[in-house]
Amino acid sequence: MDTLHSPTPTMKESSFLRTLPLAPKDPILGVTEAFQADPNGRKVNLGVGVYTDGQGRLPLLHCVAQAEDRLNQLKSARGYLPIDGLNRYNLAVQKLVFGSHSPALQSGRLVTAQSLGGTGGLKLGADFLRRFHPESEVWISDPSWENHRALFEAAGFTVKTYPYYDPETHGLDFAGLLHTLEQAPSGTIVVLHACCHNPSGVDMRPEQWADVRELVADRGLIPFLDLAYQGFAQGTEADAAAVREFAEMDIPVLVANSFSKSFSLYGERVGALTVVCHDRDEALRVQSQLRRVIRTNYSNPPSHGALIVATVLEDETLTALWEDELGAMRLRIKTMRHALVEQLKSRLPEDDFSFVAEQQGMFSFSGLTLAQVHRLRQEFSIYAVDSGRICVAALNDQNLSAVVEAIACVVRT
């Protein structure tokens, strides 16, 4: 055989990319992609987790605008931040989440690292836990935010679920939650929604949180609290109650928080991971290892969003303004919840949607079936997540009637 003329594979033929499978669309972002491609001028996106105002616009908070004006006047150079982020910002996070007079803060037991949004805080915590607690399982609520499973599985963990939402009562399956967590092996990482449970909007009551804390301590579980919506349920202080109670237990606690929603800073990706440690010495060791995880991932975080949040939270006047604006967002969401329930009651008197008004935060499990959700998209250009989760914060006086009419139609027929 003449080897000089033997066919040789071209780069295109030998590339591993030729057989790369197409990844499935994200269950939430995929809805937004379909919404954006829809030419209907009356379309409504109830799938994306973004707060919009009464005119359907993403707001620029006045406190953020004023903070940016101050920063622009400084005309500062844009140097690298420390590996774990802006120190001012990390301290502001600790005070907001754990309280200015927190014993854990005062004793130096908190380690906070600025992260790329709340998702980044969860990812940083997942990678840290996988490195130093690799044999554990991660248990998340059923249902949970879709990315919880993906984040922890990507870190190498086996992810299981514990009961949470009861579709029959549209409430919390607390007995199932306790019974299942009682079977969790010691060292299991339990992901808990600190407030405004995503996607159900159903939160635990204070006495239920107390039972969970007792169970976690008795079973030797590791709580990882996701605080993405502080201020959207009852207010910034009340919404941090679960985190603060856990912080005063002598157990390891991880908390991921985000300012995307509460500051309307979605594109800046401003969040944090905080680890509650036993003492100052342990905190120093945890901080050193978190820095190693960050260094091999993105090296150090961006500065602009963190500077905005720190500027607001360090200034009493700007903080008060932020609390007022956040309170207005919270009130508008609750107003839309009640308006949705009242209009659905008028159109569907035999169906009970009152549970929607009792839920907390930006989201609601509407009770709509998969088939009904698909009909809303196909026939009315109203987009929700397949699970039936809707973003109540996307409703306003201009689109509410159309949404109610469409829901009534798909429920009746």
Side-chain angles (χ1 to χ4, degrees), residues 49 51 92-99 102 104-105 110-113 115 117-126 129 138-148 151-152 161-162 164-165 172 174 177-178 181 189-217 221-249 251-263 270-276 309 326 329-330 333 359-364:
Y51 175 89
V93 167
Q94 293 176 357
K95 290 180 177 180
L96 178 68
V97 173
F98 296 89
S102 163
L105 189 158
L110 300 179
V111 177
T112 299
S115 66
T119 302
L122 290 163
K123 173 62 173 172
L124 177 55
L129 289 167
V138 174
W139 289 25
I140 64 175
S141 65
D142 179 19
S144 193
W145 179 47
E146 287 85 350
N147 217 15
H148 276 153
L151 281 165
F152 286 98
T161 62
Y162 57 87
Y164 192 87
Y165 180 75
L172 178 66
F174 191 62
L177 180 155
L178 286 182
L181 289 184
I189 300 157
V190 181
V191 178
L192 300 160
H193 301 236
C195 68
C196 303
H197 183 273
N198 180 6
S200 74
V202 176
D203 284 349
M204 285 188 276
R205 299 190 302 270
E207 64 271 20
Q208 293 171 328
W209 274 112
D211 289 344
V212 169
R213 288 194 302 273
E214 182 179 357
L215 186 153
V216 164
L221 310 181
I222 302 172
F224 196 149
L225 284 88
D226 188 350
L227 182 62
Y229 304 99
Q230 185 178 3
F232 277 92
Q234 302 298 326
T236 54
E237 291 293 305
D239 292 355
V243 172
R244 295 177 184 184
E245 293 289 347
F246 268 109
E248 297 315 312
M249 303 170 67
I251 59 173
V253 181
L254 289 85
V255 182
N257 76 290
S258 168
F259 294 108
S260 294
K261 278 76 175 179
S262 61
F263 272 75
V270 195
L273 172 74
T274 301
V275 183
V276 184
V309 172
L326 179 56
M329 290 192 284
R330 180 172 65 247
I333 293 173
Q359 297 163 347
Q360 303 278 3
M362 292 177 56
F363 303 110
S364 171

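Being a predicted model, the structure only gives us computed values, none of them experimental.
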Search all heavy atoms of [X] against all heavy atoms of [Y] and return the closest pair with its distance.
X: Cys196; Y: Asp203; result: N-OD2, 2.8 Å
X: Ala247; Y: Val276; result: O-CG1, 3.7 Å
X: His193; Y: Ser144; result: NE2-OG, 3.1 Å
X: Tyr229; Y: Asp239; result: O-OD2, 3.9 Å
X: Ile222; Y: Pro252; result: CG2-O, 4.3 Å
X: Ala256; Y: Gly121; result: CB-C, 4.0 Å

Please check this pair: side chain of [X] against backbone of [Y], looking for a donor-acceptor N/O pair closer than 3.5 Å.
X: Ser258; Y: Ala228; answer: no
X: Gln230; Y: Leu96; answer: yes
X: Arg244; Y: Ser102; answer: no

Drop me the distance from [X]'s [atom1] to [Y]'s [atom2], to the nearest 0.5 angstrom.
X: Tyr51; Y: Met329; atom1: OH; atom2: CE; answer: 6.5 Å
X: Asp226; Y: His197; atom1: CG; atom2: NE2; answer: 9.5 Å
X: Leu122; Y: Asn257; atom1: CG; atom2: CG; answer: 10.0 Å
X: Ile140; Y: Leu192; atom1: CD1; atom2: CG; answer: 11.5 Å
X: Asn147; Y: Lys123; atom1: CG; atom2: NZ; answer: 10.5 Å

Could you check whether any side-chain heavy atom of [X] comes within less than 4.5 Å of a side-chain heavy atom of [Y], counting everything from C-beta outward?
X: Arg330; Y: Gln234; value: no
X: Leu227; Y: Cys195; value: yes
X: Trp139; Y: Val191; value: no
X: Thr236; Y: Leu326; value: yes
X: Leu110; Y: Phe98; value: yes
X: Ile251; Y: Pro223; value: yes
X: Leu151; Y: Thr119; value: yes
X: Phe259; Y: Val93; value: yes

Electrostatic pair Arg213-Glu248, nearest N-O below 4.0 angstrom: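 Salt bridge: no.
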**Prompt:** Relative to each other, are the rings of Tyr164 and Tyr162 parallel, tilted or perpendicular (30° and 60° limits)?
**Reply:**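 Tyr164 vs Tyr162 ring planes: perpendicular.
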Practice prompt. Determine, step by step, whether Trp209 and Met204 satisfy the side-chain contact (heavy atoms from CB on, under 4.5 Å) criterion, reporting the C-alpha distance in whole Å, the side-chain angles of both residues, the deciding distance to 0.1 Å, and the verdict.
Written response: CA-CA 6 Å; Trp209 274 112; Met204 285 188 276; 3.5 Å; yes
Start with the C-alpha gap between Lys261 and Met362, add the side-chain angles, then the distance that decides, and say whether side-chain contact (heavy atoms from CB on, under 4.5 Å) holds. CA-CA 9 Å; Lys261 278 76 175 179; Met362 292 177 56; 3.3 Å; yes
Notebook entry, point to check: Would Leu178 and Leu215 count as a side-chain contact (heavy atoms from CB on, under 4.5 Å) if you check the C-alpha gap in whole Å, the side-chain angles of each, and the deciding distance to 0.1 Å?
Noted result: CA-CA 8 Å; Leu178 286 182; Leu215 186 153; 3.8 Å; yes
- Item | Full working for side-chain contact (heavy atoms from CB on, under 4.5 Å) between Leu254 and Leu129 | CA-CA 10 Å; Leu254 289 85; Leu129 289 167; 4.0 Å; yes
